[in-house]
Structures are given as C-alpha cells and as structure tokens.
There are 2 protein chains.
Amino acid sequence: MKPRDENKINEIYKATLNLVKANGLSGITMQMVAKEAGIATGTLYIYFKNKEALINALFDVCTRSSASTFFSNYDPEQPFKIGFHTIWLNIVQRRVAHFNESIFIEQCFHSPFIDEESKNRLRKMFEPMLQLIERGKTERLIKNMDTVWLLAFMIGSINEIAKRTIYYNIKLTDEILEANFQLCWDGIKA
Amino acid sequence: MKPRDENKINEIYKATLNLVKANGLSGITMQMVAKEAGIATGTLYIYFKNKEALINALFDVCTRSSASTFFSNYDPEQPFKIGFHTIWLNIVQRRVAHFNESIFIEQCFHSPFIDEESKNRLRKMFEPMLQLIERGKTERLIKNMDTVWLLAFMIGSINEIAKRTIYYNIKLTDEILEANFQLCWDGIKA
DNA sequence: CTTTTAACTGAATAATTATTCATTTAATTT
DNA sequence: AAATTAAATGAATAATTATTCAGTTAAAAG
C-alpha cells in the first residue's frame with residue numbers, strides 16, 4: 001500500500017493560513033486551499049472529512065503550538081520580572097513570526113466553525129500566565145487589579161504591536177522590543 | 001410612487017452587524033441578512049447592488065461614525081492629559097457599546113471585500129490622535145517613542161478591554177475604567 | 001516482478017448561496 | 001378614486017463552492 005505523505009497535512013495548513021491572511025476566513029474555498037497546497041481537491045478530503053474539520057484541526061494545531069512557545073524558556077523559579085519579560089517576548093515574537101496564525105485564530109473566534117469548547121481550550125492555555133500575574137500581585141510588584149484587566153492590557157498591546165509590525169513592514173529590533181516592553185511594564189508595575 | 005423606507009437601510013446594517021458578530025463575515029448569507037432585517041431577499045438588492053456593495057457601504061458607515069465619536073468632546077485647547085483621557089474613554093465606550101461594529105471592522109480588515117483605499121481611509125481617521133501624541137512628546141509628558149508604538153499600545157489595550165468586557169459580560173464601572181486608564185497612562189507617561 | 005492496497009486526481013455532482021424577475025402592494029399624483 | 005410608479009415579495013434561476021467518485025498512480029508486500 002501507498003503510505004500517506006504526512007508532510008502534506010502541513011502543506012494544507014500552511015496554504016490555509018496564507019489564504020486566510022490574504023482573504024479572510026470568508027474568502028477561502030477548498031479549491032483554493034488545494035491549489036495553494038499543490039494537491040487535488042479530492043486529496044484534501046482524504047486528510048480532512050470536510051471544511052469544518054480542516055478549520056477545527058488547524059485551529060487546534062495553531063492554539064497548541066503557539067501556546068507552547070509562549071512558555072518556552074519560562075522558569076517559574078526566576079524572579080517575577082524575568083519571567084514576565086520572557087513570556088511577553090515569546091508572545092510578541094510568535095505573533096510576528098506566525099502572523100498568519102494570529103489572524104486565523106482571531107477570525108476563528110467569530111466564526112461558526114469553532115465551538116465554545118475549543119474557544120475555552122484556548123483561554124485555558126494562558127493559565128500559567130494567570131498564575132504569574134497572581135504571583136506578581138502577591139509580591140506587590142504589579143498593580144492590585146483584577147487579573148482579567150492586567151492580561152487584557154498585556155495581550156491587547158502585544159496584538160497591536162504584531163499587526164503594525166507586519167502592516168508597516170517594520171523590522172523589530174531589540175531596541176524597539178525593549179521600548180515596547182517598557183511601556184507594558186510601566187503600565188502594570190505597582 | 002412609493003418612496004423608499006430609508007430606515008430599512010439601518011435595519012439591514014444592524015442585521016448584518018449582529019450576524020457578523022455571531023457568525024463572522026464567512027458565516028453570513030444574503031438570505032440570513034434579509035431574514036434578520038425582516039425583509040425579503042429581493043428587497044436587499046433594491047438598497048444594495050450586491051453583497052460586496054453592502055459590506056463596503058457598512059464598512060464606510062461604521063468607520064465614519066465610530067471615528068466621529070472618538071473625538072467628540074475633545075478640545076485641543078485643553079491640557080494634554082485631559083484630551084488624551086477624553087479620547088481614550090470615547091474609544092473604549094464606543095468599542096463596548098458598538099461591539100458588533102468593532103468585530104465587523106476587524107474582520108473586514110482581512111477580507112476580499114474591502115480595498116486598500118478604504119483601509120487607508122480608516123487609518124487616516126486617527127489623524128487627530130497622532131497629532132495629540134506628537135504634542136504630548138513635545139511637552140515631554142509622554143515617552144519619546146515612535147508614535148506608531150504609542151498608538152499601538154493604546155489601541156491594542158482598548159480593543160482587548162472591549163473584548164473581555166463583552167465576552168465575560170462585565171459591567172464597566174467608572175472605577176474599572178479609571179483603573180484601566182491608569183494602566184495606559186502609566187505606560188506612556190515620560 | 002506481480003499483486004495488492006491505499007493515495008491521488010480532477011471532472012462530475014450535490015449543496016449552498018447570490019441574484020433576478022414576474023407579480024403584488026402601497027404610496028403619491030392627478 | 002383611478003392611474004401611476006416604485007417598493008416589496010419570495011420562488012425561480014444562476015453562480016459558486018463543497019464534496020464525491022470512477023479511474024489512475026505508486027509504494028509496499030509477497
């Protein structure tokens with residue numbers, strides 16, 4: 001028997017992300033995805049039951065892989081600010097390096113394809129971040145505000161940094177990154 | 001002759017915004033829009049040439065009306081911080097009160113319906129804000145950073161405040177608003 | 001090297017959705 | 001109050017897009 005070319009799944013994912021970035025979730029068809037991935041439309045259906053399954057699987061892959069990079073190199077033993085900085089930087093860099101993915105996740109959040117459960121799974125992935133913020137409050141290093149706002153503040157500004165970096169085609173130097181981190185830090189610090 | 005019911009256009013707009021919030025731009029059909037607006041599908045085509053025209057017209061209306069509220073009560077003669085606070089509050093409140101609209105604009109930004117020119121028009125609407133930021137830098141009240149980042153910081157965090165307010169069904173009290181403003185202000189201040 | 005089996009193809013079909021149009025309704029004019 | 005005209009309707013049609021499937025190809029097993 002002929003085995004599946006498992007790499008093909010990645011090609012399909014890549015194609016979908018590229019097309020969604022360019023045309024939105026509303027602007028893609030299975031034919032476009034197949035063509036962009038360099039395969040026949042029928043082949044798509046060997047790997048995915050239907051369009052909804054493709055979108056859901058990709059959403060799952062995107063959230064898992066991005067969440068895992070968010071906390072790479074993060075050591076909870078380190079001082080609070082070091083940990084916060086590590087995660088902040090990880091998220092910014094992931095959002096910029098995988099901008100397609102960021103837009104895809106954003107669009108999926110308001111789409112009929114993704115169910116509440118998957119959305120909640122995504123929210124859960126920020127768990128370690130929530131704990132870090134609680135710790136920062138306990139250590140009196142950051143403002144004593146409801147965590148939801150501290151997180152919104154951090155994530156919101158990061159999202160917008162990524163968008164502008166890509167839209168205006170800016171090269172993110174260490175200097176720019178540090179200056180942006182400073183904005184966030186000065187905001188949350190006690 | 002029978003005159004057009006000009007209010008119908010607003011019904012169509014409202015219906016579209018509600019449906020896009022619930023299902024995304026990819027999840028709406030002209031039949032759904034008509035039904036939600038309480039009219040026949042054919043009637044939609046009396047008011048809009050086609051789907052693309054509807055989306056474009058709505059995008060235009062949304063950007064214009066939201067931009068105008070952003071700068072209401074804003075008096076450039078007032079001290080910098082007052083002006084900044086006014087605009088900050090205007091944007092947050094608009095985003096929350098017209099959450100549909102915010103999601104629609106966000107989704108349109110990555111869709112084949114909206115052309116580059118319309119996107120640029122939207123960017124231009126923040127012009128008064130850019131000027132205010134320049135002024136803040138001149139007066140040495142805020143950090144001397146490229147305006148693109150200061151604006152990203154402000155807008156990004158506002159967007160996320162609005163999303164969480166709606167998703168978690170939070171009542172935005174003056175206290176919460178002020179605490180969130182403080183986060184932003186502490187971030188940008190010199 | 002033949003057989004087997006599953007991947008792969010892309011045109012054909014099914015399903016969905018945009019758009020039209022013959023007909024009906026209701027405001028205005030005369 | 002009859003005539004006129006454009007709005008409104010919604011089923012019918014056109015266009016698009018998802019999905020299938022009969023036929024083809026290529027890897028693995030024997």
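Quick caveat, the model's predicted, so the values are computed rather than measured.
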Grab the [atom1]-[atom2] distance between [X] and [N] for me, whole Å please.
{"X": "A:K35", "N": "D:dT17", "atom1": "NZ", "atom2": "P", "result": "13 Å"}
{"X": "B:Y47", "N": "D:dA6", "atom1": "OH", "atom2": "P", "result": "14 Å"}
{"X": "A:L54", "N": "D:dT19", "atom1": "CG", "atom2": "C1'", "result": "14 Å"}
{"X": "A:I46", "N": "C:dT5", "atom1": "CD1", "atom2": "P", "result": "17 Å"}
{"X": "A:D5", "N": "D:dT25", "atom1": "CG", "atom2": "P", "result": "19 Å"}
{"X": "B:Y45", "N": "C:dT17", "atom1": "OH", "atom2": "C1'", "result": "8 Å"}
{"X": "A:K51", "N": "C:dT16", "atom1": "NZ", "atom2": "C1'", "result": "11 Å"}
{"X": "A:L25", "N": "D:dA18", "atom1": "CG", "atom2": "P", "result": "11 Å"}

Can you tell me if the side-chain N/O atoms of [X] get under 4.0 Å from OP1 or OP2 in [N]?
{"X": "A:K49", "N": "D:dT19", "value": "no"}
{"X": "B:T43", "N": "D:dA7", "value": "no"}
{"X": "A:K2", "N": "C:dT4", "value": "no"}

Open item on the list: Testing the basics here: between B:F113 and A:S26, what is the closest heavy-atom pair and its distance to 0.1 Å?
Closed with: CE1-OG, 4.4 Å

- [ ] For A:I39, answer base if it contacts any base atom (sugar-phosphate contacts may also be present), sugar-phosphate if it contacts only those atoms, and nothing otherwise; contact means non-hydrogen atoms under 4.0 Å.
- [x] sugar-phosphate

- [ ] Could you tell me whether the side chain of A:D115 and the main chain of A:S118 form a donor-acceptor pair under 3.5 Å?
- [x] yes

Task: CD (B:E117) with more than 12 external heavy atoms under 6.0 Å - done: no

Task: Which residue lies more 5' along DNA chain C, comparing A:A40 with A:Q31 via nearest heavy atoms - done: A:A40

TODO: Would you kindly compare A:G42 and A:P3 by the position of their nearest DNA chain C nucleotide and give the one closer to the 5′ end?
DONE: A:P3

Task: Non-hydrogen side-chain atoms of B:M145 and B:I188 separated by less than 4.5 Å - done: no

Task: Position toward the 5' end of DNA chain D (nearest nucleotide), B:R4 or B:T41 - done: B:R4

Task: CD-CD distance between A:E106 and B:E106, expressed to the nearest 0.5 angstrom - done: 3.5 Å

